[in-house]
Amino acid sequence: MHNPNFLIIDSGVGGLSIWHEIQQLIPDSHVCYVADNGAYPYGALDESVLVQRLLELLPGLEQHYRPDIIVIACNTASTVVLDPLRAQTTTPIIGVVPAIKPAASLSASKHIALLATPGTVKRPYIDRLMLDFANGCRLTRLGSPELVHEAEQKLRHLPVNEDIIREVLAQLKLDEQDIDVLILGCTHFPILHDEIRRLVPAPIRILDSGAAIARRAHQLLQQMPGPQAHTTPLTRNVFLFTAETPHAHRLEAGIERFGFDKIRFLGETTTQNDQKPGAS
Ligand code: DGL
């Protein structure tokens, strides 16, 4: 029986919130998780730089790990890179984008808020989502690089600064407005869900895209005829950073609960333990 193989990529630990949901729904799956810390944070990159980065990075990873599904576990990237990426591969690609459609249908006040990276909030993709799925809804947008950093800290068991989270959320003026749904439109933010929940007034719903992405992956796998003949499935999960830094090493303890036993760096040779014999 073939265990589904995923290739999941984000700038850092954010995509682990997506991998967590996939693991819950499809427990027999394995992943090569890529944290592109060499280009972190994606939210600060020009669109063209980000697109180029992923177009260059993914083919080698795909060829080596031969995933059944690639997940771009990053809203900042998915809102700009999905079309060019899909044009260069036949492997199914799932992109993570802000949960605007479910937020709009949940909202009674028809005023929703999007908390994402500075890159994501200004993307035309968001305007299209609003037009297609949230017509008649008002959207308040806030871009925050600070929360991305706090999530990176949290998974390294480093102090999380709750004052910073409070200051960021204060900019949304949730007490004064009729916003009733808050979208976490960055995969890093569900890692801070508890901290954010404590600071957001109780009636306001907080939504992210994780569970929907896992359901989409499950559905795609059901439609697949079976593994490709050339597929050499992973037998354990691989966590890869694209750059070796002391900060990257600090993540060692934090990734255990996501099913990884060690951190690797792009360019290190993969051992036979990671893949069934015959893997290239
Ligand atoms: N986790 C990413 C997202 O969903 C990006 C964080 C960053 O590198 O700025 O947008």
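As the structure lists them, so they are numbered: ligands from 1, and atoms in each ligand from 1.
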Seminar exercise, completed: So the atoms of ligand 1 within less than 4.0 Å of a heavy atom of Gly43 turn out to be 7 (C), 8 (O), 9 (O)
Exercise. Counting both backbone and side chain atoms, is some N or O of Gly185 under 3.5 Å from an N or O of ligand 1?
Worked result: no
Problem set entry | Protein heavy-atom partner closest to atom 8 (O) of ligand 1 - residue, atom, separation in Å | Ser11 OG, 2.5 Å
For this session: Might you point out which heavy atoms bring Pro67 and Thr91 nearest each other, and give the distance in Å?
Result: O-CG2, 3.5 Å
For this session: Identify, by atom number and element, the atoms of ligand 1 in contact range of Asp10, meaning under 4.0 Å from any of its heavy atoms.
Result: 1 (N), 2 (C), 5 (C)
Problem set entry | Closest candidate by heavy atom, reference atom 10 (O) of ligand 1, pool Leu147, Val96, Thr76 | Thr76
Exercise. If you measure from each non-hydrogen atom of Thr187 to ligand 1, which part falls under 4.0 Å: side chain, backbone, both or neither?
Worked result: both
Exercise. Which bit of Val148 is near ligand 1, meaning a heavy atom under 4.0 Å away: side chain, backbone, both or neither?
Worked result: side chain
For this session: State whether Arg166 and Asp163 are salt-bridged, where the test is any N-O pair (Lys NZ or Arg NE/NH1/NH2 against Asp/Glu carboxylate O) under 4.0 Å.
Result: yes
For this session: Kindly confirm or rule out an N or O of Tyr40 lying under 3.5 angstrom from an N or O of ligand 1.
Result: no
Problem set entry | Distance-only donor-acceptor check, side chains Asp178 and His111, under 3.5 Å | yes
Exercise. Which atoms from ligand 1 have a heavy atom of Thr117 less than 4.0 Å away?
Worked result: 5 (C), 6 (C), 9 (O), 10 (O)
For this session: Mind listing the closest non-hydrogen atom pair of Ser29 and Phe6 along with its distance?
Result: CB-CE1, 3.6 Å
For this session: Write down the atom of Ala77, the atom of Ile72, and the distance for their closest heavy-atom approach.
Result: CB-CG2, 3.8 Å
Problem set entry | CA sep, side-chain torsions, deciding dist, call: Thr140, Leu142, side-chain contact (heavy atoms from CB on, under 4.5 Å) | CA-CA 7 Å; Thr140 295; Leu142 179 62; 6.0 Å; no
